[in-house]
Amino acid sequence: MKAASKSELFRKLPSLDELLHQPELGFLVEREGHPAAADAARTVLARLREEISAEHLDSAAVDLALAGLPQAIERQLQHSLGYSLRPVINATGVILHTNLGRAPLSSSAIEHIKEISTCYSNLELDLARGERGQRDVHVDRFFRKLLHQEVGGEGTRARDISTIVVNNNAAAVLLTLNTLAEGGEVVVSRGELVEIGGSFRIPDVMAKSGAILREVGTTNRTRLADFERAINERTRLLLRVHRSNFQITGFTEQPALEELVALSQRRGIPLVEDLGSGALFDLQSVGIGNEPGVLNSLRAGVDVVTYSGDKLLGGPQAGIISGRSDVVTRMRSNSMFRALRVDKLIYAALEATLLSYVKHDHDSIPAIRMMRLSMEEIGQRAHLLAQNLESSNVSAEVIDGESVIGGGAAPSAVLPTRLLAVSAKGLSADDMAARLRAFNPSIIARVEEGRVLLDLRTVFPEQDDYIVQALRNLAD
Ligand SMILES: *Cc1c(COP(=O)(O)O)cnc(C)c1O
């Protein structure tokens, strides 16, 4: 039999209209709407035409493709109408992983978001007076509770601490520098001119804020005298920046916070600290020392601290500015604040997260709960997974390792953990990690020294079974 010509094959294809009127497609048109269904059908037909043109299909193959058109269109619809942003399973053991969305929100945060965002709210309405109110009162109240009890009173001069919230910590630093130092100089140690991934670099943010950077000291050593000498009539601010993602070790020196506070008070120049990751609970309790807390800094007398809502705080993305009320009030009236403000969803999530702190219900905040998990608890789960993988093609072993706080907490902030090390015959570690990512939801693992490592610290326990199933399927 003579092979069908291209034009004969093209004639077999239905028109778009004919296709959409096929009974099998009726329900798709109804469910997803005519425009989306037509778009998907057009894409599938175009693909088929291309394959015919390229002579990839003979007559029988075209008949087969035609019989499968409704299914092909449904798949195309699923692909084009599916969300791009989707959940993944974090088995890396990095608790605040910036690429994976940092802190997962607590269930009370989600409930509060839902409650506030599906109807109207008193976001900017003072209900008692019936007048326009300020949106930041909704969280300042809990920040006051959390920060005041510790900072105010007690021998030292009592300080009134206020808090405002902006889009992220980068915005918090920008607003702070612009409000307090535009046109003037800001003194910073050369050891703290940091880059925090992406495009956050202290010198660049400084330039955008309109303040002039006055670097002092050296990369490894900066003394109080360096700060003192740099102060002149143009100095507006002393700035300290937390070294979030690197360490300087060896021959190093840095003035103590207390010394900087004393200098700032002596010369009447405010001291600002960019903490990056601000913790509102005692990190020592989970074995992490040397991480600056918001309270430590305010208690030591720092005028203003900036920190992220989605790092150690465990809440939504936000930049938080806490400090002396008179200074924070100036920031609130800067027109830049209006451009950097956050919406009601963030206020709702933050208010709920803060309430967990007020109630000392730390375990309801997922990131904090993960930090508090013991190595034994994680080890038990890992052993159970290993057991469930026996009689599969995956070999699994439980080994010691370290989880990382991440997201710009100190690079030294690690927690001992137990890891599930998995491998499969004929599959490289990179291939295995890629296959785990290809599941939906994806499983994100670590690859180290030719092995795939899964840290259950960052996996929600209800996801453990899914991981076993995925591992069993991947090596079949
Ligand atoms: C993370 C970090 C920032 C940036 O914070 P975002 O919330 O990501 O904008 C700035 N400074 C320091 C010290 C940080 O650790």
Side-chain angles (χ1 to χ4, degrees), residues 94-105 139 163-178 180-181 186 188-209 211 213 219 222 237-248 254 257 260 271-280 283 288 290-294 296-298 302 304-323 331 336-337 339-343 345-347 349-350 353 367 404-414:
V94 181
I95 298 174
L96 302 162
H97 200 305
T98 300
N99 302 151
L100 303 183
R102 291 195 185 157
L105 293 180
V139 292
T163 299
I164 54 171
V165 179
V166 288
N167 184 52
N168 54 18
N169 186 43
V173 174
L174 181 68
L175 179 64
T176 303
L177 292 176
N178 178 264
L180 304 182
V186 178
V188 194
S189 159
R190 288 199 169 88
E192 297 177 357
L193 294 175
V194 304
E195 168 175 329
I196 315 283
S199 49
F200 184 87
R201 290 174 148 199
I202 288 290
D204 298 348
V205 175
M206 188 83 70
K208 289 286 181 207
S209 76
L213 173 63
T219 306
T222 301
L237 211 64
L238 306 180
L239 177 67
R240 202 167 138 108
V241 184
H242 183 48
R243 291 183 194 136
S244 293
N245 48 8
F246 70 107
Q247 274 172 304
I248 297 181
Q254 202 185 0
L257 194 57
L260 277 177
L271 173 63
V272 168
E273 193 176 17
D274 173 17
L275 289 172
S277 214
L280 285 182
L283 287 168
I288 299 170
N290 302 329
E291 260 305 282
V294 176
N296 296 347
S297 292
L298 291 174
V302 175
V304 170
V305 294
T306 66
Y307 48 107
S308 300
D310 54 354
K311 290 186 181 173
L312 282 175
L313 198 74
Q317 179 189 304
I320 301 165
I321 303 172
S322 297
M331 300 196 203
M336 199 183 257
F337 176 56
L340 302 174
R341 76 178 187 188
V342 298
D343 84 335
L345 276 65
I346 302 298
Y347 275 108
L350 201 51
T353 308
V404 179
I405 302 293
S412 57
V414 295

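Note that this is a predicted model, so its numbers are computed, not measured. Whatever order the structure lists ligands and atoms in, that order sets their numbers, starting from 1.
Residue Arg102 approaches ligand 1 through these ligand atoms, each under 4.0 Å from one of its heavy atoms: 6 (P), 7 (O), 8 (O). Each of the atoms 13 (C) of ligand 1 lies under 4.0 Å from some heavy atom of His242. When each atom of ligand 1 is checked for a heavy atom of Ser308 under 4.0 Å away, the hits are 5 (O), 6 (P), 7 (O). Listed by number with element, the atoms of ligand 1 under 4.0 angstrom from any heavy atom of Ala170 are 5 (O), 6 (P), 9 (O).
For the side chain to side chain donor-acceptor pair (under 3.5 Å) test with Glu192, the passing option among His242, Gln254, Arg243 is Gln254; the others fail.
The N/O atoms of Lys311, backbone and side chain alike, include one that comes under 3.5 Å of an N/O atom in ligand 1.
Between Ile405 and Lys311, the closest side-chain pair of non-hydrogen atoms is not below 4.5 Å. Two residues are said to be in side-chain contact when any heavy atoms from C-beta on lie closer than 4.5 Å; Leu193 and Leu213 meet this criterion.
At a heavy-atom distance under 4.0 Å, no atom of Arg201 approaches ligand 1. By the criterion of a heavy-atom distance under 4.0 Å, neither the backbone nor the side chain of Gln317 is placed next to ligand 1.
Atoms CZ and CG, on Phe200 and Asn168 in that order, are 8.5 Å from each other to the nearest 0.5 Å.
For Ala181, the side chain to side chain contact (heavy atoms under 4.5 Å, CB included) partners at least two apart in sequence or on another chain are Val186, Ala211, Arg236, Leu237. Under the side-chain hydrogen bond (donor to acceptor under 3.5 Å, both in side chains) criterion, Tyr347 pairs with no residue at all, not counting sequence neighbours.
Ligand 1 does not have Glu195 within reach: every non-hydrogen atom of the residue lies 4.0 Å or more from it.
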